[in-house]
Protein chains: 2
Amino acid sequence: MSMSTIMKIMIVDDHDMVRLGLSTYLSLESGIEVIAEATNGREALEVLEGLKVNNLPFPDLILMDLMMPEMDGIATTQEAIIRYPDMKIIILTSFLEDDKVMEGIQAGAVSYVLKSVSSEELVYAINGAFRGMPVMNTEVSQALSRGIRQMSASKDDNGLTVREREVLMLIAEGKANKEIAEELFISIKTVKTHVSNLLMKLDVEDRTQLAIYVHRKGWAG
Amino acid sequence: MSMSTIMKIMIVDDHDMVRLGLSTYLSLESGIEVIAEATNGREALEVLEGLKVNNLPFPDLILMDLMMPEMDGIATTQEAIIRYPDMKIIILTSFLEDDKVMEGIQAGAVSYVLKSVSSEELVYAINGAFRGMPVMNTEVSQALSRGIRQMSASKDDNGLTVREREVLMLIAEGKANKEIAEELFISIKTVKTHVSNLLMKLDVEDRTQLAIYVHRKGWAG
DNA sequence: AACTTCCTCCGCCTTGAGACTGAGCATGTT
DNA sequence: AACATGCTCAGTCTCAAGGCGGAGGAAGTT
């Protein structure tokens with residue numbers, strides 16, 4: 001793989017050992033040079049700004065972790081793409097969550113790669129991203145298509161109204177109808193109406209299953 | 001740090017890049033040699049057995065990830081410690097969960113280290129473990145003491161019996177009492193008794209909160 | 001003006017959930 | 001033998017949950 005230019009890469013990950021391992025390994029690859037690192041999103045933006053104003057070598061591509069303290073990968077990607085539009089970003093994460101894949105791509109990442117890929121695949125993805133040819137695992141692309149299908153199939157979410165979503169969240173916190181009524185300043189009757197609508201719309205049988213639904217979706221802490 | 005002997009290490013992690021990064025980095029450390037790798041627990045045990053029967057160099061210490069396909073770090077640690085009692089195991093994980101720390105230590109791991117530690121700290125932990133001096137992050141030791149406090153406060157876990165835990169899990173799947181009764185071949189009355197006991201023991205008000213409890217604990221998929 | 005959607009609320013009714021009390025049986029412990 | 005624990009089941013009772021049908025007002029759409 002003879003590329004005339006050297007790819008300058010930045011690694012953003014809160015795990016010291018992932019960062020160190022990646023940079024150690026990637027530095028051995030010909031054509032790749034790790035020129036910057038950061039442990040979270042905020043730091044990454046600061047580092048980038050520092051490189052910019054001091055006219056130092058600027059990364060062509062960022063390997064960005066999703067879950068980080070201070071500022072996560074999605075938000076950082078969004079911000080970074082706005083500030084430096086010609087910089088590529090590959091989101092690198094441990095988990096496959098359909099929603100996150102969508103968000104990541106929407107935020108402007110060219111690629112979304114699971115940490116479980118082999119190191120060869122990662123290098124391949126980096127090379128691809130550098131040339132504007134996004135590469136992603138088959139699992140990721142499947143997740144993406146699932147996400148798109150869900151999106152087009154069910155409008156924006158599930159067709160839940162604002163009020164219904166509020167009630168749903170309170171149910172997911174274990175609140176009883178009476179408590180929900182007091183919290184939302186409405187009558188128990190109204191709460192029951194919303195609950196019935198939720199049961200119908202989400203196609204489940206009782207409030208316990210509603211709570212489980214929310215937690216499975218990862219909407220709750 | 002001049003040690004006469006070289007520490008032979010095995011790395012067990014399903015993430016190619018963690019494994020590769022770690023081994024690349026640790027190999028640069030004097031006194032540490034990475035002699036084996038595996039991508040999950042089952043594979044790790046197979047590799048160890050292979051080394052044993054062929055009289056090949058055997059690891060003094062394993063860096064073991066917690067969350068892995070096939071067989072997780074806890075189960076693998078338990079099994080490995082039984083088969084090779086003089087081998088040390090350091091559990092290496094992304095997450096801090098009080099329960100898991102307890103389980104890990106109980107399983108026989110000498111140390112429990114977060115992946116967020118710096119690489120120097122990791123080397124320090126490895127050296128410590130090698131000499132029988134367990135090292136762990138302050139966060140981890142805090143989690144451990146929390147776990148112990150809970151333990152002494154509330155018997156062993158929550159004091160749940162086998163049957164109660166079965167009922168709890170079915171509730172967390174959204175099953176009604178009747179369904180649970182049929183699934184466990186007991187009467188609804190008995191299910192109700194178990195549910196009442198669960199509500200009392202876990203100090204919550206209804207089955208929905210039981211389901212939420214389980215999901216928050218991460219006991220459900 | 002007609003229509004739809006959302007939020008609100010009512011009464012009536014059935015059923016499931018859960019509390020309380022009490023009890024039989026098997027196991028293992030002291 | 002006495003005791004504790006876990007699993008089982010029963011009856012009774014209260015109340016929250018949820019279905020069903022109806023309805024009014026606010027807001028935006030066609």
Side-chain angles (χ1 to χ4, degrees), chain A residues 150-217 219-220, chain B residues 150-217 219-220:
Chain A
Q150 280 185 354
M151 212 170 88
S152 55
S154 61
K155 215 78 179 253
D156 54 87
D157 246 20
N158 313 284
L160 298 191
T161 67
V162 176
R163 210 47 161 174
E164 283 164 356
R165 190 169 276 105
E166 286 178 326
V167 172
L168 178 60
M169 289 308 154
L170 292 172
I171 289 175
E173 288 172 18
K175 304 280 175 69
N177 287 341
K178 189 186 168 195
E179 294 174 296
I180 296 173
E182 284 164 0
E183 193 152 336
L184 297 181
F185 302 107
I186 56 180
S187 79
I188 296 185
K189 302 284 186 180
T190 306
V191 175
K192 282 191 175 188
T193 304
H194 290 313
V195 172
S196 290
N197 289 335
L198 283 167
L199 294 177
M200 194 177 49
K201 286 185 178 179
L202 298 183
D203 194 32
V204 295
E205 286 161 333
D206 52 47
R207 66 198 300 105
T208 303
Q209 291 181 10
L210 284 177
I212 294 169
Y213 177 91
V214 171
H215 283 260
R216 287 214 171 120
K217 285 276 179 177
W219 295 350
Chain B
Q150 281 185 355
M151 207 170 92
S152 54
S154 62
K155 220 84 179 233
D156 55 86
D157 238 30
N158 317 283
L160 298 192
T161 67
V162 176
R163 209 50 160 170
E164 283 164 356
R165 191 167 273 106
E166 285 178 327
V167 172
L168 178 60
M169 289 308 154
L170 292 173
I171 288 174
E173 289 173 15
K175 304 281 176 71
N177 287 341
K178 189 186 169 194
E179 294 174 295
I180 296 173
E182 284 166 0
E183 193 150 337
L184 298 182
F185 302 106
I186 57 181
S187 80
I188 295 184
K189 301 284 187 180
T190 307
V191 176
K192 282 191 174 188
T193 304
H194 291 314
V195 173
S196 290
N197 290 334
L198 283 167
L199 294 177
M200 193 177 49
K201 287 185 177 178
L202 299 182
D203 193 32
V204 294
E205 286 161 331
D206 52 48
R207 67 198 300 105
T208 303
Q209 291 181 12
L210 284 178
I212 294 169
Y213 176 92
V214 170
H215 283 260
R216 280 206 224 269
K217 286 274 180 180
W219 294 350

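Proteins come first, then strands; the chains are lettered A, B, ... in the order of their sequence lines, and each starts at number 1.
Bending across the helix from C/dA1-D/dT30 to C/dT30-D/dA1, expressed as the angle between its end axes from five pairs apiece, amounts to 40° (10° rounding).
Between the CG atom of A/L210 and the C1' atom of D/dG18 there is a distance of 11 Å, given to the nearest Å. Rounded to whole Å, atom P of D/dA17 lies 13 Å from atom CZ of B/R207. As rounded to whole Å, 9 Å separates atom P of D/dG19 from atom CE of A/M200. Taking atom NZ of B/K192 as the reference point, atom C1' of C/dA19 lies 10 Å away to the nearest angstrom. Distance, B/K201 NZ to C/dA19 P: 14 Å, rounded to whole Å. Computed from coordinates, the B/Q209 CD to C/dG18 P distance equals 10 Å when rounded to whole Å. Put simply, CD on A/E205 is 12 Å from P on C/dG16, counting in whole angstrom units. Protein atom CD of A/E164 is 10 Å distant from nucleotide atom P of C/dT8, rounded to whole Å.
Where B/N197 and A/V204 meet DNA chain D, the nucleotide closest to each residue was compared, and B/N197 sits on the side nearer the 5' end.
Looking only at distances, a side-chain donor or acceptor of A/Q209 sits under 3.5 Å from a matching main-chain atom of B/G174. Not one N or O on the side chain of A/E173 forms a donor-acceptor pair closer than 3.5 Å with the backbone of A/L170. A donor-acceptor contact shorter than 3.5 Å is absent between the side chain of B/H194 and the backbone of B/R163.
Using a 4.0 Å cut-off, some side-chain N or O of A/H194 falls inside it from OP1 or OP2 of C/dT8. Between B/T193 and D/dT8, a side-chain N or O to OP1/OP2 separation shorter than 4.0 Å is absent.
Of the residues in residues 168-191 of chain A, those with a non-hydrogen atom less than 4.0 angstrom from any atom of DNA chain C are A/I186, A/S187, A/K189, A/T190.
Side-chain atoms of A/T193 and A/S196 form no donor-acceptor pair, as typed in the model, at a separation below 3.5 Å.
The salt bridge (charged side-chain N to carboxylate O under 4.0 Å, His left out) analysis of residues 176-195 of chain A, with sequence neighbours excluded, yields the pairs A/K175-A/E183.
Smallest separation of non-hydrogen atoms from A/I212 and B/A211: CG1-CB, 4.0 Å.
When the nucleotides D/dC7, D/dG19, C/dC7 are ranked by their closest atom to the side chain of B/V162, D/dC7 comes out on top.
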